[in-house]
Amino acid sequence: RVELADAKVQAMRGSVSAARRLSAFYAITHRPSDAIRWMTVAMENGDLDARFDLALQLSNAPDQLNRTRARFWFDKIVAEGDADNVEKAKYGIQNLDEIEAYRKAHP
């Protein structure tokens, strides 16, 4: 409990690694909204790779608004030419397109 509280303080003070640890913890404990929150903090703390990880988390969310935001981040990564993540982001966009096509075909 204390470790979790300390990690939250560290993340809010700018620690990318603490924010990523929190995001991972909440992802494996099936609390996706908390995982998304802490990956957002990692991104805000300057971790450019967190943009892709955040988009991936959002793309797996059950609600349309989060998937729409995922597309925003995937598109931004592609548009900016983020060399480490462009191909993965293109795949993410393709995956979102397939999910939406399936949902339209099977309401």
Side-chain angles (χ1 to χ4, degrees):
R1 217 61 179 143
V2 172
E3 259 185 57
L4 203 55
D6 287 345
K8 289 177 180 180
V9 170
Q10 291 172 11
M12 295 309 266
R13 288 184 176 161
S15 172
V16 168
S17 62
R20 279 190 162 277
R21 283 194 313 274
L22 287 163
S23 181
F25 170 78
Y26 286 117
I28 63 173
T29 57
H30 306 288
R31 292 176 55 184
S33 61
D34 289 322
I36 288 168
R37 174 181 184 211
W38 291 107
M39 189 56 68
T40 301
V41 171
M43 183 186 64
E44 291 169 347
N45 289 351
D47 183 352
L48 288 179
D49 289 334
R51 293 187 313 172
F52 174 78
D53 296 331
L54 175 63
L56 191 60
Q57 288 177 341
L58 291 167
S59 71
N60 291 317
D63 63 284
Q64 179 61 43
L65 285 176
N66 278 334
R67 289 191 308 275
T68 299
R69 193 62 177 167
R71 179 175 295 279
F72 166 83
W73 285 113
F74 285 142
D75 286 342
K76 188 170 181 66
I77 290 165
V78 171
E80 291 179 359
D82 178 352
D84 293 333
N85 294 306
V86 166
E87 291 307 313
K88 293 187 290 186
K90 286 179 181 178
Y91 179 77
I93 292 167
Q94 178 184 346
N95 188 47
L96 284 172
D97 289 342
E98 290 171 4
I99 290 169
E100 294 311 311
Y102 179 84
R103 287 179 187 266
K104 285 179 184 174
H106 302 91

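In what follows, every heavy atom counts, from backbone to side chain, and hydrogens, waters and symmetry copies are set aside. Keep in mind the model is a prediction, meaning the values are calculated, not measured.
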To the nearest 0.5 Å, tell me how far [X] [atom1] sits from [Y] [atom2].
{"X": "Leu22", "Y": "Leu4", "atom1": "CG", "atom2": "CG", "result": "6.0 Å"}
{"X": "Arg51", "Y": "Glu80", "atom1": "CZ", "atom2": "CD", "result": "4.5 Å"}
{"X": "Ser17", "Y": "Asp47", "atom1": "OG", "atom2": "CG", "result": "10.0 Å"}
{"X": "Trp73", "Y": "Asp53", "atom1": "CH2", "atom2": "CG", "result": "12.5 Å"}
{"X": "Lys88", "Y": "Asn85", "atom1": "NZ", "atom2": "CG", "result": "4.0 Å"}
{"X": "Asp97", "Y": "Ile93", "atom1": "CG", "atom2": "CD1", "result": "7.5 Å"}

Working for side-chain contact (heavy atoms from CB on, under 4.5 Å), residues Arg20 and Asp49: CA-CA 11 Å; Arg20 279 190 162 277; Asp49 289 334; 4.0 Å; yes
Could you tell me whether a side-chain N or O of [X] sits under 3.5 Å from a main-chain N or O of [Y], the two making a donor and an acceptor?
{"X": "Arg21", "Y": "Ala7", "value": "no"}
{"X": "Arg67", "Y": "Pro62", "value": "yes"}
{"X": "Ser23", "Y": "Ala19", "value": "no"}
{"X": "Asp63", "Y": "Asn66", "value": "yes"}

Gln64 side chain reached by Thr68 side chain, heavy atoms, under 4.5 Å: yes
Any side-chain heavy-atom pair of Val41 and Trp38 under 4.5 Å: yes
Worked check of salt bridge (charged side-chain N to carboxylate O under 4.0 Å, His left out) between Asp75 and Lys90: CA-CA 8 Å; Asp75 286 342; Lys90 286 179 181 178; over 6 Å; no
So, for [X] and [Y], which heavy atoms are closest and what is the spacing to 0.1 Å?
{"X": "Ala35", "Y": "Tyr26", "result": "N-CB, 3.6 Å"}
{"X": "Phe74", "Y": "Leu56", "result": "CZ-N, 3.9 Å"}
{"X": "Ile77", "Y": "Ala89", "result": "CG2-CB, 3.8 Å"}
{"X": "Ala70", "Y": "Ala55", "result": "CB-O, 3.3 Å"}
{"X": "Asn45", "Y": "Ala11", "result": "ND2-O, 2.9 Å"}

Test: Arg69 cationic atom under 6.0 Å from Phe72 six-membered ring centre, within 45° of axis: yes
Transitive ILVMFWY side-chain link Leu96 to Leu54, under 4.5 Å: no
Pair Lys76 + Asp82: basic N to acidic O under 4.0 Å: no
